A.B. asks: 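One structure coming up, written as structure tokens, with questions to follow.
What you see is a predicted model, and the numbers here were worked out from it, not measured in a lab. Here is the naming used below: chain letters follow the sequence lines, and residue numbers restart at 1 for every chain.
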There are 2 protein chains.
Amino acid sequence: MDKQHSQCSPCPVELTVNMIGGKYKLVILYQLAIHEVRRFNELRRELPNITPRTLTRQLRELESDGLINRQVYPEIPPKVEYSLSETGKSLNSILLQIENWGLKHITNNPK
Amino acid sequence: MDKQHSQCSPCPVELTVNMIGGKYKLVILYQLAIHEVRRFNELRRELPNITPRTLTRQLRELESDGLINRQVYPEIPPKVEYSLSETGKSLNSILLQIENWGLKHITNNPK
DNA sequence: CGGGATCCCATTGGATACTG
DNA sequence: CAGTATCCAATGGGATCCCG
């Protein structure tokens with residue numbers, strides 16, 4: 001690895017972690033990467049025991065950081081679709097690598 | 001992206017986040033990726049305002065997860081060197097991508 | 001130098017109930 | 001269906017002091 005920029009001010013890794021560091025954020029992004037479009041309760045079912053309050057907040061944070069889009073359909077019953085923004089999509093290869101890393105290094109020897 | 005494994009049980013992304021999800025863990029791993037070997041106070045200086053207690057705990061967790069090595073030299077004054085384990089090194093390409101992503105998507109338009 | 005001990009606070013997330 | 005509201009628990013991290 002390059003040894004030039006040992007200093008980070010501010011550290012780009014840290015800045016990125018601040019955006020995607022929530023407990024469920026990467027998993028949400030991962031689900032959206034796989035499914036392209038997901039509704040609120042679909043995500044809820046796919047995330048292990050997440051509460052609606054937490055899911056809402058993580059989605060709002062991802063949205064305000066510009067990583068996902070929130071499309072509201074003015075219908076009854078309500079319909080809201082979440083999807084990756086262009087910026088969010090630029091995380092796809094990282095998401096995939098994280099998934100593969102987990103498959104290789106963790107699920108092989110489950111704790 | 002592949003749409004087959006929409007289900008995760010347990011989700012590899014989530015498992016990975018559990019290992020590297022600490023506030024400073026990726027930054028520590030990143031510093032070790034760049035410098036190969038770092039001592040306690042070197043890391044302390046490189047991480048923005050981290051307290052020794054927090055640094056100690058994050059290092060211990062990374063160590064018990066097998067991502068870093070802790071080499072103690074029985075000298076006076078004490079000397080402890082931290083470095084990436086082989087497993088830790090396997091995160092290098094992810095670390096680099098995260099750094100580059102941050103450089104591209106965040107430092108361009110600082111909040 | 002590389003921590004440990006202690007105390008404290010803030011943020012995050014959970015539980016449950018409710019609603020337009 | 002897609003959230004809100006309210007309250008609460010836990011975890012993480014900070015501040016400070018101390019030590020071998």
Side-chain angles (χ1 to χ4, degrees), chain A residues 10-11 13-32 35 37-65 67-83 111, chain B residues 10-11 13-32 35 37-65 67-83 111:
Chain A
C11 172
V13 174
E14 194 193 356
L15 292 171
T16 305
V17 169
N18 289 342
M19 289 184 65
I20 62 178
K23 182 172 174 183
Y24 299 99
K25 284 186 183 174
L26 279 177
V27 183
I28 292 172
L29 293 171
Y30 171 67
Q31 291 294 330
L32 292 180
H35 298 103
V37 171
R38 284 281 91 166
R39 297 177 63 174
F40 188 85
N41 278 334
E42 289 176 327
L43 287 171
R44 204 177 155 184
R45 262 173 258 123
E46 281 148 10
L47 303 201
N49 309 328
I50 195 172
T51 59
R53 173 178 171 273
T54 299
L55 179 55
T56 298
R57 296 205 319 194
Q58 304 260 308
L59 287 169
R60 292 289 189 279
E61 289 179 27
L62 288 170
E63 187 192 2
S64 78
D65 281 335
L67 296 178
I68 65 174
N69 299 126
R70 178 170 181 264
Q71 172 77 10
V72 182
Y73 297 89
E75 315 173 347
I76 304 289
K79 176 176 171 182
V80 179
E81 288 184 344
Y82 295 93
S83 58
K111 103 169 150 279
Chain B
C11 174
V13 173
E14 195 194 355
L15 293 171
T16 304
V17 169
N18 289 341
M19 289 185 65
I20 62 177
K23 180 172 177 183
Y24 298 100
K25 283 186 184 175
L26 279 176
V27 183
I28 291 172
L29 293 171
Y30 171 68
Q31 292 294 330
L32 293 180
H35 297 104
V37 171
R38 285 278 94 164
R39 297 178 63 175
F40 187 85
N41 278 333
E42 288 176 327
L43 287 170
R44 204 177 155 184
R45 261 174 259 121
E46 280 149 10
L47 304 205
N49 309 329
I50 195 172
T51 58
R53 171 179 173 272
T54 299
L55 179 55
T56 299
R57 295 203 321 194
Q58 305 260 309
L59 287 169
R60 292 290 188 281
E61 289 180 25
L62 289 170
E63 188 192 2
S64 77
D65 281 335
L67 295 178
I68 65 173
N69 300 127
R70 180 171 181 262
Q71 172 77 9
V72 182
Y73 296 89
E75 312 172 351
I76 305 290
K79 176 176 173 183
V80 178
E81 287 183 345
Y82 295 93
S83 59
K111 104 171 154 276

A.B. asks: What string of B, S and - do you get for nucleotides 15-20 of chain C, 5' to 3', if B is base contact, S is sugar-phosphate-only contact and - is no contact with any protein heavy atom under 4.0 Å?
C.D. replies: B----B

A.B. asks: Rounded to the nearest 0.5 Å, how far does CD1 of Ile28(B) lie from CG of Leu43(B)?
C.D. replies: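 It is 6.5 Å, given to the nearest 0.5 Å.
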
A.B. asks: Just so I know, are the side chains of Leu55(B) and Phe40(B) near enough to count as touching, which here means a heavy-atom distance under 4.5 Å?
C.D. replies: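 SC-SC contact between Leu55(B) and Phe40(B) confirmed.
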
A.B. asks: Can you list, by residue number, the residues of residues 69-77 of chain B that have a non-hydrogen atom closer than 4.0 angstrom to DNA chain C?
C.D. replies: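 Arg70(B), Pro77(B), in order of number.
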
A.B. asks: Go through DNA chain D in 5' to 3' direction and return only the first and the last nucleotide with some atom under 4.0 Å of chain B's heavy atoms.
C.D. replies: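 On DNA chain D, the outermost contacted nucleotides are dG12(D) to dG20(D).
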
A.B. asks: Rounded to whole angstroms, how far apart are NZ on Lys23(A) and P on dT12(C)?
C.D. replies: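 Taking atom P of dT12(C) as the reference, NZ of Lys23(A) is at 13 Å.
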
A.B. asks: Report the distance from atom CZ of Arg44(A) to atom CG of Asn49(A), rounding to the nearest 0.5 Å.
C.D. replies: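 It comes to 10.5 Å.
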
A.B. asks: Less than 4.5 Å apart, any side-chain heavy atom of Glu42(A) and any of His35(A)?
C.D. replies: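 Side chain of Glu42(A) against side chain of His35(A), heavy atoms only: no contact under 4.5 Å found.
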
A.B. asks: For Thr54(A) and dG14(C), is the shortest distance between a side-chain N/O and OP1 or OP2 below 4.0 Å?
C.D. replies: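 For dG14(C), OP1/OP2 do have a side-chain N/O of Thr54(A) under 4.0 Å.
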
A.B. asks: Could you give the angle between the helix axes at the two ends of the helix from dC1(C)-dG20(D) to dG20(C)-dC1(D), with five pairs per end, rounded to 10 degrees?
C.D. replies: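 So the angle between the two local helix axes works out to 60°.
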
A.B. asks: Need one value for Gln58(A): base, sugar-phosphate or nothing, where a base atom within 4.0 Å counts as base even if backbone is also close, heavy atoms only.
C.D. replies: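 Answer is sugar-phosphate: Gln58(A) comes under 4.0 Å of backbone atoms only.
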
A.B. asks: State, yes or no, whether a side-chain contact exists between Ile20(B) and Leu67(B) at a heavy-atom distance under 4.5 Å.
C.D. replies: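 Touching, per the 4.5 Å side-chain cut-off.
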
A.B. asks: To the nearest 0.5 angstrom, please state how far the CZ atom of Arg39(B) sits from the OH atom of Tyr73(B).
C.D. replies: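 The CZ atom of Arg39(B) sits 9.5 Å away from the OH atom of Tyr73(B).
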
A.B. asks: Rounding to a whole Å, what distance do you find between Glu63(B):CD and dG3(C):C1'?
C.D. replies: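 Computing the Glu63(B):CD to dG3(C):C1' distance gives 13 Å.
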
A.B. asks: Rounded off to whole Å, could you give me the CZ-to-C1' distance for the Arg57(A) and dT12(C) pair?
C.D. replies: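 After rounding, the gap between these two atoms is 6 Å.
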
A.B. asks: Would you please name every residue forming a side-chain contact (heavy atoms from CB on, under 4.5 Å) with Glu63(B), sequence neighbours left out?
C.D. replies: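 With neighbours one apart ignored, the set is Arg60(B), Ile68(B), Arg70(B).
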
A.B. asks: Measuring from Leu32(B):CG to Leu59(B):CG, what's the distance to the nearest 0.5 Å?
C.D. replies: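 One gets 7.5 Å once the value is rounded to the nearest 0.5 Å.
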
A.B. asks: Taking only residues two or more places apart in sequence or in another chain, which ones pass salt bridge (Lys or Arg N to Asp or Glu O under 4.0 Å) with Glu81(B)?
C.D. replies: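 Once residues adjacent in sequence are excluded, the partners of Glu81(B) under the salt bridge (Lys or Arg N to Asp or Glu O under 4.0 Å) criterion are Lys79(B).
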
A.B. asks: Less than 4.0 angstrom between a side-chain N/O of Arg60(B) and OP1 or OP2 of dG3(C), yes or no?
C.D. replies: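 So the side-chain polar atoms of Arg60(B) do come within 4.0 Å of the phosphate oxygens OP1 or OP2 of dG3(C), strictly under.
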
A.B. asks: Looking for any heavy atom pair under 4.0 Å, which part of the strands does Glu61(A) touch: base, sugar-phosphate only, or nothing?
C.D. replies: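 No contact at all - Glu61(A) keeps every heavy atom at 4.0 Å or more from the nucleic acid.
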
A.B. asks: Roughly how many Å is it from OH in Tyr24(A) to P in dT12(C), rounded to a whole number?
C.D. replies: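 After rounding, the reported distance stands at 14 Å.
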
A.B. asks: How long is the line joining CD of Glu81(B) and C1' of dC1(C), in whole Å?
C.D. replies: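 After rounding, the gap between these two atoms is 13 Å.
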
A.B. asks: Roughly how far, to the nearest 0.5 Å, is the CG atom of Leu47(B) from the NZ atom of Lys23(B)?
C.D. replies: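 Lys23(B) atom NZ to Leu47(B) atom CG measures 11.0 Å (nearest 0.5 Å).
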
A.B. asks: Whole angstrom is fine here: how far is it from CG in Leu59(B) over to P in dC1(C)?
C.D. replies: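 One finds 17 Å between P of dC1(C) and CG of Leu59(B), rounded.
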
A.B. asks: Output the distance between atom OG1 (Thr56(A)) and atom CD (Glu61(A)), rounded to the nearest 0.5 Å.
C.D. replies: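 Interatomic distance, Thr56(A) OG1 to Glu61(A) CD, rounded to 0.5 Å: 11.5 Å.
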
